[in-house]
Amino acid sequence: MTPTPLLFLLLLGLIGARATLDLRTAAAMAAGLCKTRPTDIVFIIDSSRSVRPAEFEQVKVFLAKVIEGLDVGPNATRVGVVNYASRVKNEVSLKTHRTKAGLIKAVTKIEPLSTGTMTGLSIQFALNVAFSESEGARVKSPDISKVAIIVTDGRPQDNVKDVAQRARDAGIEIFAIGVGRVDMSTLKQMASDPLDDHVDYVESYSVIEKLTKKFQEAFCVSDLCATGDHDCEQICISSPGSYKCACKDGFTLMDNGRSCSACSNSATDVVFLIDGSKSVRPENFELVKKWINQIVDKLDVSESKAHVGLVQYSSSVRQEFPLGRFNNKKDLKDAVKKMAYMERGTMTGQALRYLTDNSFSAGQGARPGVAKVGIVFTDGRSQDYIGEAAKKAKEHGFKMYAVGVGNAVEDELKEIASEPTGEHYFYTADFKAMTQIAKKLQINICQEDDPCECDSLVKFQKKVEDALQALTKKLDSMSKRIALLENKIV
């Protein structure tokens, strides 16, 4: 069966995608976009008499090059070096050097011990001392990796299997590098699983540098935002080996976690209904005004977009200013700051009736055909019945948000709030925590297109036709290229 051009293209795409995945880390390192997740790394290096001085120098060059590719720092990667032969020497502790330059300089000064090969003893030392908190190791945590890299060229003169198991059980990931006549079974006893990833062999110290890239990549966590390997529409926020998307001010992150919607910038009439009863107290009332302005900051206040009105209530209702009086944020926020505290009772039901009958009327600046949003704030139980007024507001199509603090009754808040109530009512016990509510409260109003409108159908049809034409051209071009390749092969 002869492969179709489309199948051939799909195969090429799969091969290209795999190559891209394989090259991502290398490309990130080359571009300086690689970071290492917080890791405590201890190199355990064999300097027994079988390791000649010139070879030991090559080991130090290898260490220095691996370190060069790490993100060294007290909150990033900490590096220690243990030197061993018949005895063990802690050359560099995890707490000693906080900079890459200082660390590499210390490595260059290490001298070989030139005696026996007590590899088991060195692993025990690393477990008890090098990875201890007193030597700079961080408290065991899922966010902090513990890694030991052992470099040896011979057969150990002591047992390594049991002590290596204890180290792995303690959460230390062990890489074993063997050189020359090393005993391979010993390497496998020391290394973590999978062995293919944790056991390496080189013929001589002169080629140990070829492992540098492997270890740099092993600890490299690409900054996916910097490399462009993300699908965020507006803002990409990096985290180790991953990312999350965010949106610019005035936009809302959609449910897919990638796209941003400017729906909250559609023409909207927003009225704040604020409890000014005596239980709020003057100092907290100032926090409420700051909270209002936090929400105002997220709106696109203008002649054609968001209009804001403000109503305060206690035992009576007072309109502070109607919709549309202020068409810029500065004047609007200044007016909010000037609102005087009423004190007295908590007639929330009366205030809701005022909102429905007056605030959203054309006489008070409400615009026909524009989405209506009411944001009710209260700190206590209403002294009158709210049910009928709350129901009427929602029946009129108003999107209602209910925010409660302190002694506010959550059942009342839910009764005021639109569906789904989980997205439209908020409660906190402390006025100082209202800033968090301001961050969570998203006024998302979208003007939905009518898919039955002729203009929409024509636009959609035109887009489909254009896309099909573009795809046809690409397929024709690729078919010609494939035909040329087939002729060359024949």
Side-chain angles (χ1 to χ4, degrees), residues 36 38-51 53 55-68 70 72-140 144-154 156-160 162-177 179 186 190-192 208 215 219:
T36 48
T39 308
D40 291 342
I41 300 176
V42 173
F43 290 92
I44 303 173
I45 54 174
D46 177 358
S47 67
S48 58
R49 63 175 65 93
S50 60
V51 183
E55 294 173 331
F56 192 70
E57 291 302 311
Q58 290 168 332
V59 174
K60 292 193 292 182
V61 170
F62 164 68
L63 262 61
K65 289 194 173 183
V66 173
I67 292 168
E68 190 63 46
L70 301 177
V72 175
N75 298 315
T77 299
R78 300 182 185 182
V79 178
V81 181
V82 171
N83 184 12
Y84 80 94
S86 295
R87 63 187 179 92
V88 181
K89 184 178 180 183
N90 199 21
E91 299 282 2
V92 178
S93 72
L94 292 168
K95 67 181 179 182
T96 306
H97 296 284
R98 301 300 179 93
T99 66
K100 194 178 296 185
L103 186 57
I104 291 174
K105 186 176 180 180
V107 167
T108 62
K109 294 181 178 179
I110 298 174
E111 296 293 333
L113 300 174
S114 300
T115 50
T117 311
M118 301 294 285
T119 308
L121 181 66
S122 71
I123 297 172
Q124 187 67 57
F125 181 90
L127 180 60
N128 294 345
V129 179
F131 281 108
S132 67
E133 290 182 42
S134 61
E135 289 299 311
R138 285 164 283 195
V139 177
K140 187 177 180 180
I144 308 291
S145 299
K146 308 284 184 183
V147 175
I149 301 175
I150 303 170
V151 182
T152 182
D153 78 334
Q157 295 172 330
D158 57 355
N159 181 277
V160 299
D162 294 338
V163 68
Q165 184 62 56
R166 288 197 296 273
R168 294 193 299 269
D169 290 343
I172 299 171
E173 182 180 10
I174 300 178
F175 291 86
I177 301 174
V179 183
T186 300
M190 295 188 292
S192 297
I208 194 171
F215 282 95
F219 304 119

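Everything quoted here is computed from the prediction, not taken from an experiment.
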>> Run the side chain to side chain contact (heavy atoms under 4.5 Å, CB included) test on Ser145 and Ile41 for me, step by step, so that the C-alpha distance in whole Å, both residues' side-chain angles and the decisive distance to 0.1 Å come before the verdict.
In response: CA-CA 8 Å; Ser145 299; Ile41 300 176; over 6 Å; no
> Do the non-hydrogen side-chain atoms of Val42 and Ile172 ever get within less than 4.5 Å of each other?
Replying inline: no
> When rounded to the nearest 0.5 angstrom, what is the spacing between CG in Asp40 and CD in Glu133?
Replying inline: 10.0 Å
> Heavy-atom distance under 4.5 Å between the side chains of Val151 and Phe43, does that happen here?
Replying inline: no
> Hey, are the side chains of Glu57 and Val61 touching, using non-hydrogen atoms and a 4.5 Å cut-off?
Replying inline: no
>> Once rounded to the nearest 0.5 Å, what's the spacing between atom OG1 of Thr39 and atom CZ of Arg78?
In response: 11.5 Å
> Are side-chain heavy atoms of Glu135 and Leu94 found at a separation under 4.5 Å?
Replying inline: no
> How far apart are the closest heavy atoms of Ala191 and Ala176, and which atoms are they?
Replying inline: CB-CB, 4.2 Å
> Minimum heavy-atom separation for Ala137 to Ala130, with atom names?
Replying inline: CB-O, 4.5 Å
> In Å, rounded to the nearest 0.5 Å, how long is the span from NZ of Lys100 to CD1 of Ile67?
Replying inline: 9.5 Å
> Which heavy atom in Ile44 sits nearest to a heavy atom in Ala148, and how many Å separate them?
Replying inline: CD1-CB, 4.2 Å
>> Rounded to the nearest 0.5 Å, what separates atom CZ in Arg87 from atom CZ in Phe125?
In response: 11.0 Å
> Rounded to the nearest 0.5 Å, how far does CG of Leu113 lie from CG of Asn83?
Replying inline: 4.0 Å
>> Do Met190 and Thr119 make a side-chain contact, defined as non-hydrogen atoms from C-beta onward lying under 4.5 Å apart?
In response: yes
> Looking at Gly120 and Asp158, what are the two nearest heavy atoms and their distance?
Replying inline: N-OD1, 3.0 Å
>> Test side chain to side chain contact (heavy atoms under 4.5 Å, CB included) on Tyr84 and Leu121; report intermediate values, then the result.
In response: CA-CA 8 Å; Tyr84 80 94; Leu121 181 66; over 6 Å; no
> Any idea which heavy atoms bring Arg138 and Pro74 closest together, and the distance?
Replying inline: NH1-O, 3.3 Å
> Within the side chain of Gln157, is there an N or O that forms a donor-acceptor pair under 3.5 Å with the backbone of Thr117?
Replying inline: yes
>> Applying the side-chain contact (heavy atoms from CB on, under 4.5 Å) criterion to Ile150, which one of Val160, Asp46, Ile45, Ile174 satisfies it?
In response: Ile174
>> Quick check: do Gln124 and Arg166 have side-chain heavy atoms less than 4.5 Å from each other?
In response: yes
> How far apart are the closest heavy atoms of Gly116 and Ser86, and which atoms are they?
Replying inline: N-OG, 2.6 Å
> In Å and rounded to the nearest 0.5 Å, what is the CD to NZ distance from Glu111 to Lys89?
Replying inline: 8.5 Å
